[in-house]
Amino acid sequence: MRKYIVKRILISILILFFVAFIIYALMRCLPTSYIESMARQKSMQPGSKSFDEWMVQLKEMYNMDGGIIPGYFAWLGQVFRGDFGDSWFYTVPVLEKFSDTVWISFIMSAISLFFEVIIAIPLGIIAAKKQYSKTDYTISVIALAGISLPTFFFASLMKLVFSIKLGWFDLMGLVGRNYEQLSAWGKFLDKAHHLVLPIVTLTVISIGGLMRYTRTNMLEVLNADYIRTARAKGLSERKVVYHHAFRNTLIPLVTIIGGSLPGLFSGAMITETLYSIPGIGYTSYQAMVGGDIPFSMFYLTFLAVLTLLGNLISDILYAVVDPRVRIS
Amino acid sequence: MSKENKKKDQSVSTENVSLNDDRRVKVLSPGALVAKRFFRNRTSVVGLAVLIFMFLFSFVGGLISPYDEDQLFYRDEYLNKTYAGVVENDEFRYATADGQSFDSVIQAQMILALQKGNDFFTYRNVNYTVTTEGEDFISVSLEDGTMIGIAYKDIISSSNEGMSLPFAMQYDVLKAYTNGETSFTHDGEAYTIDEGGVVYCGDTEVAYISRYQVNAIMPDVFLSRDFKEELTEAIKNGEEEFSFTDAGGVESEYLVTYQAASDTWEVLQSTQSRVFDTYSPPSKEHWLGTDRNGMDMLTRLMYGGRVSLIIGFIVEIIANVLGVIMGGISGYFGKWVDMVIMRIVDIFYCIPSTPIIIILGAAMDAMRVDPQIRMIYLMLILGFLSWPGVARMIRGLILSLREQEFMTATEACGIKTSRRIFRHLVPNVMPQLIVSATMGLGSTIIMEATLSFLGLGVKFPFASWGNIINDVNNISVLTNYWFIWIPAGVCLLLTVLAFNLVGDGLRDAFDPKMKR
């Protein structure tokens with residue numbers, strides 16, 4: 001087991017090395033409009049150096065003067081020292097901006113994952129239990145609709161209904177207009193109030209996938225021999241479904257949910273952007289659109305790490321939860 | 001229930017056939033079996049119907065629609081524009097004689113003298129004489145009798161556009177007019193003044209005099225004397241509306257409003273102006289209204305569907321072709337080939353695709369890529385980023401298929417490797433491939449729509465369901481114009497849902513384990 005984990009981690013690091021290289025090469029191939037516009041701005045100032053001179057200096061400053069491969073290794077060297085550079089767009093160190101914004105994203109995703117789990121799993125089980133019934137069809141179609149719903153359309157509908165027509169929530173932002181005047185408790189409530197719509201959106205969008213997954217796995221388990229045995233023993237349907245079948249459904253569920261845990265830090269880019277929640281998703285969206293290479297590099301690498309971590313966790317969990325799985 | 005019915009039907013039709021007759025056994029090809037299982041599933045049939053409708057709507061609808069994708073519509077609006085202003089003059093105006101100075105201090109001194117009833121004043125040791133020449137018409141002269149200027153309230157305007165009258169002429173006209181004379185001579189020529197204040201030289205009209213000053217608001221408009229006269233007449237009579245027929249015979253309506261604060265009359269001309277018919281509500285001509293550019297919404301929706309569906313298909317084709325080739329090679333050859341390809345797949349799997357596409361979209365914005373070329377890039381990028389999933393699935397399937405007897409048989413027959421892969425292995429993965437591609441189409445369409453919504457995908461003038469909804473970023477559209485964005489969203493939702501339903505149905509139909 002330990003050997004397996006070590007091997008997986010080593011492979012992951014190798015993959016990460018190449019992923020980061022591809023991302024770096026891609027970023028370097030883009031027109032470095034940010035540096036250019038900065039050089040233009042600086043050269044306009046009275047008594048300043050010429051545009052070309054600024055260009056050379058800025059490129060040197062941002063490690064953009066060498067080729068792609070030396071540049072990549074220079075970047076890697078900095079990263080090993082824990083330095084991701086300064087964000088061009090936000091003009092603060094990348095890691096500082098990251099730690100400022102990541103928690104709100106994490107809270108949002110964690111709450112929505114919680115709701116997702118407590119809503120999707122029971123519904124998936126009910127649908128599987130009554131396969132091909134009206135309930136099953138309804139739940140399946142709702143789950144599919146949730147998957148098919150474009151985030152931006154659903155968010156716009158929510159805004160129209162709850163913000164404009166009913167006026168229950170603000171259209172966007174994390175804090176209200178009079179946030180500064182509120183007490184600590186009031187501030188907390190204000191933020192919570194502003195997070196309601198984004199969390200509902202996130203939950204509704206992601207609920208369908210888990211619901212379908214639960215249903216499929218539950219169906220598989222319900223067709224298994226040991227369930228037939230349990231029924232043959234004369235156990236009550238309740239006991240068969242919630243005791244024997246459900247425990248076995250938990251195996252894939254635990255692995256998939258465990259695997260999605262790192263993803264909680266990745267931020268919901270579209271949802272955050274639509275509601276202007278200053279989480280990591282919205283922050284990096286602005287940075288990416290603004291051509292901020294250090295921040296984008298960091299964010300993309302971070303996402304790659306999260307994906308690898310998620311895969312690793314779910315593989316390990318699979319082996320841990322299911323004793324039948326033997327790792328060679 | 002239905003099964004029993006079918007059995008009954010079969011038994012009835014086979015009653016008269018002998019036991020070993022072939023007709024007793026109903027033979028269905030595998031394809032027909034799949035179709036039968038598919039059509040038994042009601043939700044997937046609904047999905048298929050929605051898809052067919054959407055395809056007709058997008059591809060045929062665009063042809064039937066009387067409008068073009070980017071045809072602009074206009075509407076006429078009547079605007080009341082301020083055309084002229086009228087002031088009744090009750091302050092002195094001044095004119096300076098040629099070569100003299102009649103500055104504002106002397107003007108003020110003159111007014112003072114008038115108010116005191118004096119007919120002279122002294123300023124800086126110079127004596128001036130004030131002469132009342134007529135009603136509200138005063139001249140100021142030096143002691144030696146040279147006139148330096150005049151003050152008057154009746155305004156003289158030249159009848160010729162752009163010409164102004166010389167001082168001596170002005171003096172003579174005013175002198176005659178304010179004293180109620182109907183004729184005078186100037187420079188040896190005889191002039192006449194009629195009761196309307198028009199000055200003629202012989203038969204030609206040279207100037208006219210009025211207490212009312214009519215000014216055009218626009219500098220390039222010359223107000224004819226007739227217009228001014230009629231307008232003055234209307235104001236004197238207290239009329240609020242008046243119409244005027246100009247020399248060309250065009251009649252225009254004017255509104256006259258009195259502005260008490262500034263003691264002026266404002267003349268409004270109602271003019272027709274042509275504007276883009278933006279955000280017009282649904283009507284007979286435009287069933288879903290018009291968008292922010294004044295284009296027909298329903299037609300845009302049809303063309304948008306076309307773009308969304310075509311992009312979805314091309315992306316899926318690119319992803320699946322790449323995925324099948326890579327996955328097929330990897331699964332069939334195994335060993336180091338498999339190792340290398342799978343690591344490449346792992347790498348691609350880890351590249352966060354949404355942020356990459358957003359960055360590339362923003363870069364294309366910066367480079368001002370042509371919208372049409374941009375669309376092609378978008379398809380290539382999306383396709384290239386989504387093949388690893390397909391490759392992984394195909395590899396897994398081929399790994400298990402490779403070990404089966406029919407593959408041993410192909411090997412024993414000495415069939416070429418490429419033929420073995422693409423003729424014998426790939427057709428066996430087709431069912432799963434079709435299912436995953438159908439489901440993938442839905443998510444590709446959502447991806448494209450999301451990008452277009454963010455303004456980084458399909459660009460104007462091309463329509464796509466995503467960039468139609470983009471307008472919702474404008475809060476007033478979100479609030480007031482549901483017909484702009486809700487239909488596009490519903491189309492998007494229905495199409496993606498239909499693809500998923502059909503994919504689901506196909507999976508159930510292809511899977512022989514699924515028995516009802």
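Numbered from 1 within each chain, the chains take letters A, B, ... in sequence-line order. Values below: all heavy atoms of this structure, side chains included; hydrogens, waters and symmetry mates excluded.
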Considering only heavy atoms, which portion of [X] lies under 4.5 Å from any heavy atom of chain B: side chain, backbone, both, or neither?
X: A:L26; value: side chain
X: A:L149; value: both
X: A:I11; value: side chain
X: A:L157; value: both
X: A:S296; value: side chain
X: A:Y299; value: side chain
X: A:I270; value: side chain

Would A:R212 and B:D504 satisfy side chain to side chain contact (heavy atoms under 4.5 Å, CB included), going step by step from the backbone distance to the final call?
CA-CA 11 Å; A:R212 275 163 62 86; B:D504 244 15; 2.9 Å; yes

Exercise. Compare all side-chain heavy atoms of A:Y285 with those of B:L454 and state whether any distance is below 4.5 angstrom.
Key: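 Heavy-atom side-chain distance check passes, below 4.5 Å.
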
- Residues of residues 347-359 of chain B contacting chain A, heavy-atom criterion under 4.5 Å, by residue number: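 Expected list: B:I347, B:Y349, B:C350, B:I351, B:P352, B:P355, B:I356, B:I358, B:I359.
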
Original post:
Could you walk me through whether A:L171 and B:L478 pass the side chain to side chain contact (heavy atoms under 4.5 Å, CB included) check?
Top reply: CA-CA 11 Å; A:L171 261 177; B:L478 176 66; 4.1 Å; yes

What closest approach, in Å, do [X] and [Y] show between heavy atoms, and which atom pair accounts for it?
X: A:S148; Y: B:N500; value: OG-ND2, 3.1 Å
X: A:I15; Y: B:R343; value: CD1-NE, 4.5 Å
X: B:L493; Y: A:A145; value: CD1-O, 4.0 Å
X: B:V490; Y: A:F153; value: N-CZ, 3.8 Å

Under a 4.5 Å heavy-atom cut-off, does chain A meet the side chain of [X], its backbone, both or neither?
X: B:I445; answer: neither
X: B:I344; answer: neither
X: B:W485; answer: both

One option among B:T495, B:T450, B:L494, B:N473 has the most heavy-atom pairs under 4.5 Å with chain A, and it is B:T450

Leading residue by heavy atom contact count with chain A [cutoff under 4.5 Å; candidates B:D346, B:T479, B:L501, B:V472]:
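Ranked by contacts with chain A, first place is B:T479.
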
Of the listed A:A304, A:S156, A:A287, A:S140, the one with the largest count of heavy-atom pairs under 4.5 Å with chain B is A:S156

Among A:T307, A:L144, A:I23, A:L303, the residue with the most heavy-atom pairs under 4.5 Å to chain B is A:L144

*So with a 6.0 Å cut-off around CZ of A:F17, is the heavy-atom count from everything else above 12?*
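Yes - once you tally the heavy atoms of other residues, nucleotides and ligands closer than 6.0 Å, there are more than 12.
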
### Message
Under the criterion side chain to side chain contact (heavy atoms under 4.5 Å, CB included), I'd like the reasoning laid out for A:T151 against B:F453: C-alpha separation, chi angles, the key distance, then a yes or no.
### Response
CA-CA 10 Å; A:T151 314; B:F453 175 78; over 6 Å; no

